[in-house]
Amino acid sequence: MLGENEFSTETIGEFVRAYKDGFFIYDIHEKQFRFLNPVMQKIFSLEDLSLPTNNASVFLNRVNVDDHAFLTHKYKLLLEKGYILQAEFRCEPDKYVSCDAYYLEDTKTIIGTVKDITRAKEHADYMVNYGGQKDTLLEIICHNLSGPLMLMQNVIRKAEKTATGNIVNGTPDVYPFINDITQQCIDIINDFLEKEHFESEKIFPRKNHFDVVEKVRLIIENSKKVYESKHIHLDTEHEYLFVHSDDVKFLQVLNNLISNAMKFTQTNGNIVVGIRTTEDTFIVSIADDGIGISPQMQPFLFERNSIASRPGLRGEASNGIGLYICKRLVDRMQGRLWYDTIENNGSTFYMELPRE
């Protein structure tokens, strides 16, 4: 007869025999596993899972060393809260794993499931990187089309004012028509960008385990393709920095802030993207040596359709919602966004987000 809180491994074995994910029962007091299904062996690429001699180090040795601190943190949360969900980490070789675990305090036992999410993670990373490429493409559209269109519009207006009225040589009646068509093109671009920004704001944050340094490098490389005349580089002591946050929204905010820095920095100007950490957060800063923000504009900077909106130094269009959306997205991720600036002497924007 089993005790009130005892497990029947035979019963559990029957239950998880056809289970497609890994399943385990770990005894904290004895520091050993009481049950492991065969899928655990496959996920962690182990040759033998004989019981009860296997302990946690058998699996920890298969975990990427960079994620050891992360798992230690999750283990403490498990004991404090009684459960953890979707704790993502990497194990050798090149595999992504997600773990759900529950702590039964009465029996000092942990019951958990482990899922191989490598394919799903690769797909998610592809979509995130694709999104980063998409944002770059939108920036190219804004930079390479809106600027020339606005310049063309100014030329047309000037030509219209200086036209002599000679129908044969000046054809002044054509100018309003060309001006209207040009404005329509500008409006289409701005409407498209505005819809794109607001759609992402409606999506609830979805946290993923990702490397901040890798994502920042991606945006920097993409930005260099758009603004070849500017100098942008990364300043950080971190070779990598894994966090649990919404990488899609993070990239959108970062792309927008870097784009703004590029727009308001002179040719051959400098932009420095910094990454640093606190105990519970990470901070990404974007510093430029551009024209800065006047005191009159600063109170309205994060407002929707802000009166602080202005075209870039090369005529790049501004729809007045970029920083508003950035602020909303950072708020949704439970972070904060702020800036330091001196007019005619550059600006630095800071984005701080929880590491978990």
Side-chain angles (χ1 to χ4, degrees), residues 66 69-70 125 128-129 131-133 135-136 139 205 207-293 298 301-302 312-313 322-356:
D66 300 331
F70 170 75
D125 285 346
V128 169
N129 291 339
Q133 296 285 351
D135 288 343
T136 300
E139 194 61 34
K207 290 188 175 183
N208 292 302
H209 192 52
F210 70 94
D211 182 1
V212 173
V213 177
E214 178 189 12
K215 299 304 180 185
V216 170
R217 291 187 191 278
L218 170 68
I219 293 297
I220 288 177
E221 291 306 312
N222 288 339
S223 299
K224 288 179 179 179
K225 298 174 185 177
V226 182
Y227 293 90
E228 297 179 351
S229 63
K230 310 294 173 69
H231 305 292
I232 177 171
H233 68 272
L234 176 63
D235 180 21
T236 183
E237 296 179 352
H238 298 280
E239 183 179 352
Y240 45 79
L241 176 61
F242 285 92
V243 301
H244 202 60
S245 187
D246 190 321
D247 45 356
V248 175
K249 287 180 170 52
F250 169 75
L251 283 178
Q252 184 176 351
V253 174
L254 181 63
N255 189 77
N256 200 305
L257 295 178
I258 291 179
S259 171
N260 278 351
M262 294 287 195
K263 289 177 183 177
F264 300 109
T265 303
Q266 302 286 358
T267 301
N268 294 321
N270 298 286
I271 294 92
V272 179
V273 182
I275 302 173
R276 63 185 180 89
T277 59
T278 69
E279 183 176 353
D280 300 316
T281 68
F282 68 99
I283 301 172
V284 177
S285 59
I286 298 91
D288 65 66
D289 56 3
I291 62 174
I293 305 167
Q298 292 177 27
L301 209 57
F302 294 124
L313 298 183
L323 288 176
Y324 165 79
I325 292 295
C326 286
K327 183 67 165 59
R328 292 293 298 272
L329 293 178
V330 171
D331 288 345
R332 272 183 168 267
M333 292 187 285
Q334 300 180 324
R336 64 190 186 110
L337 180 67
W338 75 99
Y339 64 91
D340 292 323
T341 185
I342 300 176
E343 190 173 14
N344 299 318
N345 199 29
S347 303
T348 302
F349 279 79
Y350 302 89
M351 170 172 49
E352 182 175 24
L353 296 172
R355 297 174 68 171
E356 295 293 330

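The shown structure was predicted, so the numbers you read here are calculated from the model rather than taken from an experiment.
Of the residues L337, V253, N256, the one that meets the side chain to side chain contact (heavy atoms under 4.5 Å, CB included) test with L329 is V253. If you run side chain to side chain contact (heavy atoms under 4.5 Å, CB included) between V273 and each of L257, I258, I219, D235, only I258 comes through.
In plain terms, the two heavy atoms of A287 and T348 that are nearest each other are CB-OG1, 3.4 Å. Across all non-hydrogen atoms, the minimal contact from N268 to H231 is O-CD2, 3.2 Å. Closest approach of M333 to S245, counting heavy atoms only: SD-OG, 4.1 Å.
By the 6.0 Å contact criterion, CD on E343 is enclosed, its count of non-hydrogen atoms from other residues, nucleotides or ligands being greater than 12. Residue L234 qualifies as enclosed at atom CG: its count of foreign heavy atoms under 6.0 Å is above 12. Counted within 6.0 Å of CZ on R355, heavy atoms from surrounding residues, nucleotides or ligands total more than 12; the atom is thus considered enclosed.
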Problem - H238 vs V212, side-chain contact (heavy atoms from CB on, under 4.5 Å): CA-CA, chis, key distance, verdict - result: CA-CA 9 Å; H238 298 280; V212 173; over 6 Å; no

Exercise for the section: Run the numbers on R332 and D246 for side-chain contact (heavy atoms from CB on, under 4.5 Å), then give the verdict. Expected result: CA-CA 10 Å; R332 272 183 168 267; D246 190 321; over 6 Å; no

Exercise for the section: Any chance you could lay out the side-chain contact (heavy atoms from CB on, under 4.5 Å) test for D280 and E356, step after step, and finish with the verdict? Expected result: CA-CA 8 Å; D280 300 316; E356 295 293 330; over 6 Å; no

Exercise for the section: Apply side-chain contact (heavy atoms from CB on, under 4.5 Å) to V216 and F250, showing your working. Expected result: CA-CA 10 Å; V216 170; F250 169 75; 4.1 Å; yes

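In this structure the side chain of I293 never reaches within 4.5 angstrom of the side chain of F264, judged on heavy atoms. Between K224 and I232, some side-chain heavy-atom pair lies under the 4.5 Å cut-off. Side-chain contact check for N260 versus F349: every heavy-atom pair is 4.5 Å or farther apart.
Between the side chain of D288 and the main chain of S347, a donor-acceptor pair closer than 3.5 Å is present. No donor-acceptor pair under 3.5 Å is formed between the side chain of T267 and the backbone N or O of K230. A donor-acceptor contact shorter than 3.5 Å links the side chain of D211 to the backbone of L241. A donor-acceptor contact shorter than 3.5 Å links the side chain of D289 to the backbone of N270.
Here H209 and F70 bring their ring centres to under 6.0 angstrom of each other.
With respect to D331 and K327, a salt bridge is recorded, a charged nitrogen being found less than 4.0 Å from a carboxylate O. Salt-bridge check for R217 with E214: failed, with every basic side-chain N at 4.0 Å or more from each acidic carboxylate O.
Aromatic ring orientation, W338 versus Y350: parallel (interplanar angle below 30°, classes split at 30° and 60°).
Distance CZ/F282 to CE/M351: 6.5 Å, rounded to 0.5 Å.
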